[in-house]
*Asks:* 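One structure coming up, written as structure tokens, with questions to follow.
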Amino acid sequence: MPELPEVETTIRGLALHLEDRILTSVRTMRPDMRRPFPAGLGQTLVGARVTGLGRRAKFGLIHTDRARTLIFHLGMSGRWRIDPETPDKHDHLTIETETNRFALNDPRRFGWVDLVDTAELDSWPSFASMGPEPLGPALTPAYLKGALAGRRQAIKLLLLDQRIVAGLGNIYVCEALWRARISPKRAGGRVSLAALERLVPAIREVLEQSIRDGGSSLRDFVRPDGELGYFATRFDVYGRTGQVCRREDGGLIRRFEQGGRSSWYCPRCQR
DNA sequence: CGTGTGCCCTGACAGC
DNA sequence: TGCTGTCAGGGCACAC
């Protein structure tokens, strides 16, 4: 599913074809989205020029010269198809420029779209209380120490909380904790500063490596150009139940449930 | 405020 | 082959 590296890969792929282009058509295909499309999407955006693309946490941003930004979330099965040869029943929103056609395709419809004033992006509900970007300068061991102080919840669950760090999902939290040798079960307030000094670079490295590899192609994720990312083949713990730990410490990867989601870790080296 | 639970949705896959 | 059940995941509403 799309996490931060997949959204980043998507944004970069879209930027190649959308930046500085005029939108000639914007159409929504179905009314029964989990969250309805904002009214007047077409009227507002047709004729607008795309000034740039961006990302905040796992949200994609398409900025236009009409002081409006189109925000999209890919949910768990969303992707943008570029120049699709045939329409698909899960294409929910299509955008055209003079040279290309784009379809937001999302079988499970967990994703959604909104249109907001660019000047008010920071106060958009989902952004208003978000924590720092994991790849930005504000995520430091000292910041995390403060954010986790006194918290009894497991570090795994706290790292998924977008108010603490904005953009981490299940896969990369599991992977980063393995790299930092921290147990996902450890209470947030009991993670030492030394461990956080391993965790922050671990988060950055796993995300950056995945972006370099073009996003993982777990299940239904495909890059906008249709090529598969291949980070999935490099997972150290995610989905590796029963397999040997890559640290070759004799540990076997275990799966268990936290907050209704699966966690994987090596009980030997993650403490 | 912190914490825990359940819902939304479809397709892939396992097992019979 | 065809059916049934299970699972995946992010964000948010809601209860305590």
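Proteins come first, then strands; the chains are lettered A, B, ... in the order of their sequence lines, and each starts at number 1.
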*Asks:* In terms of heavy-atom contacts, does CZ of A/Arg163 have more than 12 from other residues, nucleotides or ligands at under 6.0 Å?
*Replies:* no

*Asks:* Tell me whether the NZ or CZ atom of A/Lys185 lies within the 45° cone about the ring axis of A/Phe256 and under 6.0 Å from its centre.
*Replies:* yes

*Asks:* Taking atom C1' of B/dG4 as reference, at what distance in whole Å does atom CZ of A/Arg151 sit?
*Replies:* 13 Å

*Asks:* Please determine whether the number of non-hydrogen atoms from other residues, nucleotides or ligands lying under 6.0 Å from atom CZ of A/Arg152 exceeds 12.
*Replies:*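 Not more than 12 within 6.0 Å, no.
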
*Asks:* Which of these nucleotides, B/dT10, C/dA8, C/dG11, is closest to any side-chain atom of A/Gln162?
*Replies:*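 Of the candidates, C/dG11 comes closest.
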
*Asks:* Taking 4.0 angstrom as the limit, do A/Asp117 and A/Arg68 come out as a salt bridge?
*Replies:* yes

*Asks:* Would you please confirm or rule out a distance under 4.0 Å between OP1 or OP2 of B/dC1 and any side-chain N or O of A/Arg163?
*Replies:*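 Checking A/Arg163 against B/dC1: no side-chain N or O falls below 4.0 Å of OP1 or OP2.
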
*Asks:* Nearest to the A/Arg108 side chain among B/dC9, B/dG11, B/dC8, which nucleotide is it?
*Replies:*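 Taking heavy atoms from C-beta onward, the closest nucleotide is B/dC9.
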
*Asks:* For B/dG2, does either OP1 or OP2 sit under 4.0 Å from a side-chain N or O belonging to A/Gln153?
*Replies:* no

*Asks:* Please tell me which of the listed nucleotides, B/dT10, C/dC12, B/dC9, lies nearest to the side chain of A/Trp112?
*Replies:* C/dC12

*Asks:* Choosing from C/dA8, B/dG11, C/dG11, which nucleotide comes nearest the side chain of A/Trp264?
*Replies:*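 The answer is C/dA8.
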
*Asks:* Looking only at side-chain atoms of A/Lys89, point me to the closest of B/dG11, C/dA8, C/dG11.
*Replies:* B/dG11

*Asks:* Can you tell me if A/His90 touches the phosphate of B/dG11, counting only side-chain N or O atoms and a distance under 4.0 Å to OP1 or OP2?
*Replies:* yes

*Asks:* Using the side-chain heavy atoms of A/Phe110, tell me which of these nucleotides is nearest: C/dA8, B/dC9, B/dT3.
*Replies:*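 When the side chain of A/Phe110 is considered, B/dC9 is the closest of C/dA8, B/dC9, B/dT3.
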
*Asks:* As a test of reading the structure: which of C/dG11, C/dA8, B/dT3 is closest to the side chain of A/Lys58, going by heavy atoms?
*Replies:*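 Closest nucleotide to the A/Lys58 side chain: C/dG11.
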
*Asks:* Suppose we call a contact any N or O donor and acceptor under 3.5 Å apart; does that hold for the side chain of A/Arg109 and the base of B/dC9?
*Replies:* no

*Asks:* Whether A/Ser77 contacts B/dC9 is assessed here as follows: a side-chain N or O lying under 4.0 Å from the phosphate OP1 or OP2. Is that the case?
*Replies:*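 For B/dC9, OP1/OP2 do not have a side-chain N/O of A/Ser77 under 4.0 Å.
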
*Asks:* With a 4.0 Å cutoff (strictly under), does any side-chain N or O of A/Arg35 reach OP1 or OP2 of C/dG11?
*Replies:* no

*Asks:* Does this structure show an ion pair linking A/Asp88 with A/Arg81, if we count only N-O contacts that are shorter than 4.0 Å?
*Replies:* no

